[in-house]
Amino acid sequence: MRKSARILAAAGMLAGVASAASAQEFRCNVEVNAQQIEGTNKSVFETLKEQITTYMNETKFSDATFSAMEKIECTVYLTVGEYNDDRMKCDLQLQLIRPVYNSTYTTTLFNFKDTRVEFDYREGDPLTYNETQPENNLTAILDFYANLFLALDFDSFSPKGGERFYERAQTIVQQQQSSGEIGWRTFEDTKNRAAVLSSYTDGNTSGIRNLLYNYHRKGLDEMVTSPDKGRGVITESLKEIKTIYDNAPMSVALSIFRDSKLDELVNVYSKAPETERKDVYDLLQPIYPTESQRLDKIKNPDTN
């Protein structure tokens with residue numbers, strides 16, 4: 001039972017449950033899009049895709065043990081914008097998926113586009129995992145998101161269950177800040193990797209972690225058997241978004257939540273009482289004023 005297993009894993013109690021062959025954490029779908037690049041042997045991008053796929057799916061990033069059924073589903077979509085002198089400049093779209101207990105439904109925990117991805121790569125260069133110090137900027141980026149994915153997933157099953165993975169992600173950020181590579185430096189911009197991590201760990205915005213647990217474990221998981229009860233917890237959990245907005249209106253946590261959850265909330269509240277739908281609309285509308293089309297579907301599901 002994946003839900004129960006993940007809660008136990010968060011408490012450090014799963015060692016030895018699954019075989020070593022299935023101990024890796026991820027079932028990661030990797031795509032590399034190089035359509036913008038002309039005049040280059042395309043095999044380099046196929047090789048890169050294969051190596052990232054192997055790295056994400058065969059590296060053991062933690063001491064937690066996962067059975068094949070428990071592996072975390074994620075997508076890594078790399079779009080190469082430039083490739084000159086072994087230097088790639090890319091966008092990286094990332095999505096993290098979580099199953100909802102006792103159902104076939106899956107929910108998005110994280111949906112984000114990292115536009116600060118640059119690294120050196122020659123075809124055939126090995127991608128080697130080093131737990132203490134990433135070998136290069138590409139493996140550092142992959143290690144960072146692997147640990148962030150673990151943190152978010154564990155948080156969604158157990159209160160603050162992902163703490164050790166946030167700490168590891170923070171170590172990677174600190175190590176890479178002296179590398180000269182973009183995307184790591186604090187205050188460099190509001191949507192780089194340092195800012196993404198800060199949105200989950202800074203005191204002004206870390207309430208998003210409470211939302212991860214309440215929304216998913218006590219909300220969506222409960223809605224399968226008790227729709228009104230589970231939805232009520234989700235409604236209460238959304239107050240964390242208002243607190244984040246009041247404390248840090250430019251936080252990337254707000255756009256991550258928007259891209260991960262607004263469409264889902266339309267479905268969550270499709271059968272909710274009118275007063276509950278209005279409360280959610282009134283809470284979210286000032287935070288996402290440009291999302292009127294989606295928010296209107298929450299308020300008035302029958303007219304859309």
Side-chain angles (χ1 to χ4, degrees), residues 1-14 64 66 69-74 95-111 148-166 199-201 203-247 251 253-254 256-273 275-284 287 298 301:
M1 187 181 300
R2 176 170 176 157
K3 175 205 71 170
S4 299
R6 190 61 51 74
I7 293 172
L8 291 174
M13 298 172 64
L14 265 184
F66 289 70
M69 291 179 59
E70 293 172 328
K71 289 193 176 185
I72 300 169
E73 295 186 30
C74 59
Q95 189 175 57
L96 176 64
I97 302 297
R98 177 197 190 275
V100 172
Y101 177 56
N102 238 6
S103 78
T104 58
Y105 181 73
T106 58
T107 182
T108 301
L109 287 178
F110 183 79
N111 189 8
L148 183 63
F149 287 174
L150 284 163
L152 301 179
D153 183 84
F154 274 66
D155 268 2
S156 79
F157 283 97
S158 177
K160 303 292 179 70
E163 188 65 31
R164 59 192 170 123
F165 303 114
Y166 291 111
S199 70
Y200 293 98
T201 58
N204 286 328
T205 57
S206 61
I208 193 71
R209 294 183 63 188
N210 297 326
L211 184 150
L212 280 169
Y213 174 69
N214 290 320
Y215 184 111
H216 297 97
R217 177 66 193 94
K218 299 177 72 176
L220 286 182
D221 285 349
E222 291 293 331
M223 280 190 71
V224 176
T225 54
S226 302
D228 292 342
K229 179 181 177 182
R231 191 180 60 245
V233 174
I234 290 174
T235 300
E236 185 67 21
S237 75
L238 294 179
K239 293 179 181 178
E240 297 286 2
I241 294 297
K242 176 67 163 57
T243 300
I244 292 170
Y245 179 73
D246 290 341
N247 292 338
S251 173
L254 297 172
I256 291 172
F257 179 83
R258 177 197 65 207
D259 295 340
S260 303
K261 293 302 182 186
L262 283 198
D263 286 335
E264 179 173 82
L265 289 174
V266 173
N267 294 325
V268 167
Y269 291 99
S270 62
K271 297 181 180 179
T275 54
E276 189 174 6
R277 297 197 310 268
K278 183 178 184 302
D279 287 346
V280 172
Y281 175 88
D282 290 344
L283 184 149
L284 294 176
I287 302 172
I298 294 174

[X] [atom1] to [Y] [atom2] distance, which is reported to the nearest 0.5 Å:
X	Y	atom1	atom2	answer
S156	F110	OG	CZ	14.0 Å
I241	R258	CD1	CZ	11.5 Å
I208	S237	CD1	OG	9.0 Å
I298	S270	CD1	OG	10.5 Å
I72	L152	CD1	CG	9.5 Å
R231	S226	CZ	OG	11.0 Å

For the side chain of [X] and the backbone of [Y], is there at least one donor-acceptor N/O pair under 3.5 Å apart?
X	Y	result
T205	S199	yes
S251	A253	yes
N111	Q95	no
S158	F154	no
N204	N247	no

Might you work through the side chain to side chain donor-acceptor pair (under 3.5 Å) test for T235 and E276, ending with a clear yes or no? CA-CA 8 Å; T235 300; E276 189 174 6; 2.7 Å; yes
Taking the side chain as every heavy atom from C-beta outward, state whether [X] and [Y] have any pair of such atoms under 4.5 Å apart.
X	Y	answer
L96	T108	no
V268	L220	yes
L109	I97	no
L148	F165	no
T107	E264	yes
V233	Y215	no
L284	V280	yes
I234	K218	no

Closest contact, heavy atoms only, [X] versus [Y]:
X	Y	answer
R164	A64	NH2-CB, 4.0 Å
P301	R277	CD-NE, 3.2 Å
N102	V224	O-CG1, 3.5 Å

Evaluation steps, side-chain contact (heavy atoms from CB on, under 4.5 Å), between D246 and K242: CA-CA 6 Å; D246 290 341; K242 176 67 163 57; 2.8 Å; yes
Do the charged groups of R209 and E163 touch, with an N to O distance under 4.0 Å? yes
Sole candidate of N214, N210, L212 that passes side chain to side chain contact (heavy atoms under 4.5 Å, CB included) when paired with E240: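 The single option meeting the side chain to side chain contact (heavy atoms under 4.5 Å, CB included) with E240 is N210.
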Consider side chain to side chain contact (heavy atoms under 4.5 Å, CB included). Of D263, L262, I256, which one does S260 pass it with? I256
Axial cation check for Y105 ring with R98, 6.0 Å and 45° limits: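 Cation-pi check for R98 and Y105: fails.
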Taking atom types as modelled, is there a side-chain donor on Y200 or D155 under 3.5 Å from an acceptor on the other?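 Y200 vs D155: no donor-acceptor pair found between side chains.
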